[in-house]
Amino acid sequence: MQTAVETTRILLLARPGSVGDQIVQRLGSDAQIRSVSSFDEALIALREDTYDVVISDQSDFIALERAAVNQQSAVILENIGQGVCIVGLDGRLIWANPKMRSYPEDLIKQVCEVCRRSFGADAEPGGDPSRRDSDRASMHRARRVSLTAGRDNYFEVTITPVMSHEEQVRQVAAVVWDVTNSRRLQKKLDAIDLAGRELVRLDAEKMAGMNVEERIQLLEQKMLRYMHDLLHFDDFAVLLIDKKTNRMEFVLQHGMTPKVQDYDIFASTESTCISGYVAATGRSYICHDTSKDPRYLQGLESARSSLTVPIRLDHEVIGVFNIESAQLAAFNEDDRQYAEILARYVAIALNILDLLIVERREATGCLADDVIAEISGPLNDIMTEASGLCEEYIGNDDLRHRLNAICDHVTEIKQKVKDVTTPKGGILGRGESGVTSDPILGGKRVLVADDEQTIRETIAGVLRKAGCSVEVVADGAEAIARLDSGSYDLLVADIRMPMKNGYEVFAHARDRQPDIAVILMTGFGYDPNHSIVRARKEGLNAVLFKPFKVDQLLGEVRSAFQPAETRE
């Protein structure tokens, strides 16, 4: 099998009577030869085609080589992407390539004027003759200037003097770049950067009296203004990731359909939703046509294209920023870059809001503890005194009823203080109570009695997180007073307490409220009066032996609220 060999292409410049005929005969069919007999024909041939070898007489070779180089230079200058021109020292345009001639007339005039002022006769150095040579040397260096022309068009110009053999400036060469797109892009980026910094400027004094929803609305209004002014889009949504569930929640939105609140979107690479996919991968996503993208989930009623970018905080994706348009293919790579920059500031603004909320929550929590600590003593004294009077005036039902009403009011006051000072949650789940309520324990009223503060506060904290309303007391007498003044779903009491022991509290509770669930606590081996044995015979729900785990506590509490026939 023969291998194909490319034929050598030769240009032969040979005048009649020269050795050209001999060369043609010797090469024969081994080469593709084009013969010309004049210098001008050779130039035309070089312009029309390319050759591997050029053969000519020695007298013609140097001139032909120079002509070929000049011709190639001319071709380059004719097709280069920048404007190139030669300007006289008087500011007159001598030559310009097609690109330069395509520029606005006022730009060409500016370039000529810059060349004249920089290297023309008026620019010759003067003054001290000893400094003239150094001034002239620095003057002959290339220079770069920025010019504007037309409406918002920007150009960069490099001007270089063309020197003679005597080191005199004869002409000026200028190369002009159209940098309008890059300059506009930079201006847009600067504007977005400024808007972003304004976005995260949250006036502390103005926001001091706002709740979470009002602060979110303020941020949403700011975003809408910058979106409209800078990106020229009005419909957007911000979704944040709930780290506990990986579910995405709408925290900011404008123009979206109300049904977006019902969407179940999760941050996952396997998500069938664009937002979930972007949140999981951290990669921006441009949907050019919503009708052809299976990942698109309707946000704007009339959306035909969308742009979704990740929201990052300290390199961690915390959510997504979604923009939608009623136009087909409304977004490009520049829009993606703009949105990603704005998303960084959105992350900072949301983080600042969350920090403010956390700070307010902690401050409110401290305030609640201080208020409750101050009023608990006097209120407990009122309840104890009222309960004692009830026992003294047996038979006077009207007085007993009024005293019990006082106790009820005291209990209500304490509960309202807790409700008013209860801290709210952060941005995520801000419409909820902030507590993950247990379906069995949610809303239950619990009384915890233990003389050890750590024990009673720990139990109260666990049950409150489960959705219970919890009150704590430090001795048996106070526990009995509370039982007399109000009703509870569950009593958790230690066996060994001052004033009244756990069994006495249990017996009083069952006497006052037969259906109350009761759990007694004790240290291992401590039950000198066989209280547990007696209580179990009388319907005690459970016993917790200290120390016990949180899971044990919750398990026994849940079991106490279940019907007797379902308990193990």
Side-chain angles (χ1 to χ4, degrees), residues 364-387 407-423 435 437-438 441-506 508-509 512-513 516-523 541-550 552-554 556-558 560-561:
T364 304
C366 293
L367 174 63
D369 292 340
D370 293 342
V371 171
I372 292 173
E374 289 295 327
I375 68 173
S376 287
L379 291 178
N380 290 340
D381 290 342
I382 293 173
M383 293 183 67
T384 302
E385 186 68 23
S387 299
C407 292
D408 290 340
H409 289 318
V410 170
T411 302
E412 185 179 355
I413 290 171
K414 296 179 72 174
Q415 186 60 47
K416 284 188 175 180
V417 170
K418 289 182 180 180
D419 292 341
V420 170
T421 55
T422 295
V435 176
S437 180
D438 186 293
L441 308 185
K444 302 294 186 181
R445 292 194 65 197
V446 181
L447 177 62
V448 178
D450 196 302
D451 58 335
E452 293 184 47
Q453 181 178 355
T454 302
I455 296 294
R456 64 177 181 265
E457 293 297 339
T458 300
I459 294 174
V462 171
L463 296 182
R464 282 173 183 148
K465 286 183 179 179
C468 296
S469 174
V470 185
E471 295 179 29
V472 294
V473 294
D475 59 65
E478 189 177 359
I480 289 175
R482 296 287 183 91
L483 291 167
D484 286 338
S485 62
S487 62
Y488 298 88
D489 300 296
L490 172 66
L491 167 67
V492 181
D494 187 34
I495 288 180
R496 184 171 58 179
M497 286 188 297
M499 310 293 287
K500 299 286 184 179
N501 63 37
Y503 175 78
E504 292 174 300
V505 176
F506 161 73
H508 189 85
R512 292 278 301 173
Q513 189 179 335
I516 188 174
V518 181
I519 297 176
L520 293 181
M521 301 178 292
T522 182
N541 293 86
V543 178
L544 284 171
F545 293 95
K546 302 177 184 178
F548 49 82
K549 296 181 179 180
V550 171
Q552 290 178 276
L553 170 65
L554 291 175
E556 293 294 356
V557 172
R558 291 191 187 100
F561 288 124

For [X] and [Y], work out which heavy atoms get closest and say how close.
X: Ala509; Y: Ile516; value: O-CG2, 3.9 Å
X: Gly443; Y: Asp489; value: O-OD2, 4.3 Å
X: Gln552; Y: Leu544; value: O-CD2, 4.2 Å
X: Leu447; Y: Ala479; value: CD2-O, 3.7 Å
X: Asn541; Y: Ala560; value: ND2-O, 3.7 Å
X: Leu490; Y: Val518; value: CD1-N, 4.2 Å

Just to verify, what does [X] make a side chain to side chain contact (heavy atoms under 4.5 Å, CB included) with, not counting sequence neighbours?
X: Val462; value: Val550, Leu553, Leu554
X: Asp475; value: Ala477, Glu478, Pro498, Met499
X: Ala474; value: Arg456
X: Ala493; value: Ala449, Leu491, Met497, Leu520

Donor-acceptor under 3.5 Å ([X] side chain, [Y] main chain):
X: Arg512; Y: Asp484; value: yes
X: Gln513; Y: Tyr488; value: yes
X: Arg445; Y: Ser487; value: yes

>> Set out, in order, the CA-CA distance, both residues' side-chain angles and the distance that settles side-chain contact (heavy atoms from CB on, under 4.5 Å) for Met521 and Asp450, then state yes or no.
In response: CA-CA 9 Å; Met521 301 178 292; Asp450 196 302; 3.4 Å; yes
>> Rounded at 0.5 Å granularity, tell me how far OG1 in Thr522 sits from OH in Tyr503.
In response: 15.5 Å
